[in-house]
Amino acid sequence: KAGVTQTPRYLIKTRGQQVTLSCSPISGHRSVSWYQQTPGQGLQFLFEYFSETQRNKGNFPGRFSGRQFSNSRSEMNVSTLELGDSALYLCASSSQSQLEQYFGPGTRLTVT
Amino acid sequence: GESVGLHLPTLSVQEGDNSIINCAYSNSASDYFIWYKQESGKGPQFIIDIRSNMDKRQGQRVTVLLNKTVKHLSLQIAATQPGDSAVYFCAERGGGFKTIFGAGTRLFVKA
């Protein structure tokens with residue numbers, strides 16, 4: 001099986017812009033979770049989608065949003081980018097029955 | 001609030017020795033714990049997990065121990081190899097599929 005893929009791998013944006021990141025889960029996996037990883041805060045949970053529904057959400061401002069499509073692919077959007085949004089954004093997928101998550105390589109977002 | 005922490009941010013071991021990475025958690029309601037390994041430039045990779053109704057689980061060269069009395073989790077790596085050099089994260093999941101990660105421990109393996 002192909003692993004979790006994320007696009008793009010690297011992205012540079014300026015403050016105030018918005019960005020959309022994409023995640024394709026492992027075939028058959030219906031749960032997709034997003035995480036933000038920074039040196040200062042570590043890995044922080046953003047949200048989790050299952051069958052196109054957001055099941056859980058972390059403590060991030062409303063500028064961070066996401067969605068999941070019927071094929072389980074997911075996107076996350078960050079509006080009005082701030083310098084502090086610079087981070088590695090990781091996507092992870094899991095099957096309905098498994099709690100084990102498989103991570104993608106991440107998208108490195110730099111906000112200047 | 002909920003938190004998962006690690007006792008040591010950096011661990012250096014000699015190749016061939018055993019490594020022990022420790023983790024403390026505070027949410028006694030969490031029923032599932034996971035260890036991940038993250039190499040530079042990659043996403044975290046699942047190593048081993050354990051449910052709260054167990055106190056030990058073994059994998060290939062790795063063992064996870066869970067002590068619910070003191071809310072402590074450890075990862076033991078036998079015969080540590082250079083390829084084991086990475087950052088190791090413990091994580092807990094309670095209800096709601098929300099995973100809380102610890103800060104991470106960087107493991108250096110000396111040849």
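Lettering follows sequence order; numbering is per chain, from 1.
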- Query: Quick one: are B:T99 and A:S33 in side-chain contact, heavy atoms under 4.5 Å?
  - Reply: no
- Which of A:R9, A:Q41, A:Q37 touches chain B most, by non-hydrogen pairs under 4.5 Å: A:Q37
- For residues A:Q101 and B:F46, report the shortest heavy-atom separation together with the two atoms involved. O-CB, 4.1 Å
Look at the side-chain heavy atoms of Ile, Leu, Val, Met, Phe, Trp and Tyr, link any pair under 4.5 Å apart, and say whether [X] and [Y] land in one connected group.
X      : Y      : answer
B:V109 : B:I47  : yes
A:F60  : B:I100 : no
B:I48  : B:M54  : yes
B:Y25  : B:V64  : yes

- Stepwise ring pair (Phe, Tyr, Trp, His ring centres under 6.0 Å) test for A:F103 and B:Y36: CA-CA 10 Å; A:F103 282 82; B:Y36 289 95; 5.3 Å; yes
- Does B:F101 have its ring centroid less than 6.0 Å away from the ring centroid of A:F45? no
- Query: Counting only heavy atoms not in B:K68, do more than 12 sit closer than 6.0 Å to its NZ atom?
  - Reply: yes
- Flag if over 12 foreign heavy atoms under 6.0 Å of CD, B:Q60: no
- Note on the structure: When the 4.5 angstrom heavy-atom criterion is applied to B:Q45 and chain A, the contacting part is neither
- Query: In terms of heavy-atom proximity below 4.5 Å to chain B, should A:L90 be classed as side chain, backbone, both, or neither?
  - Reply: side chain
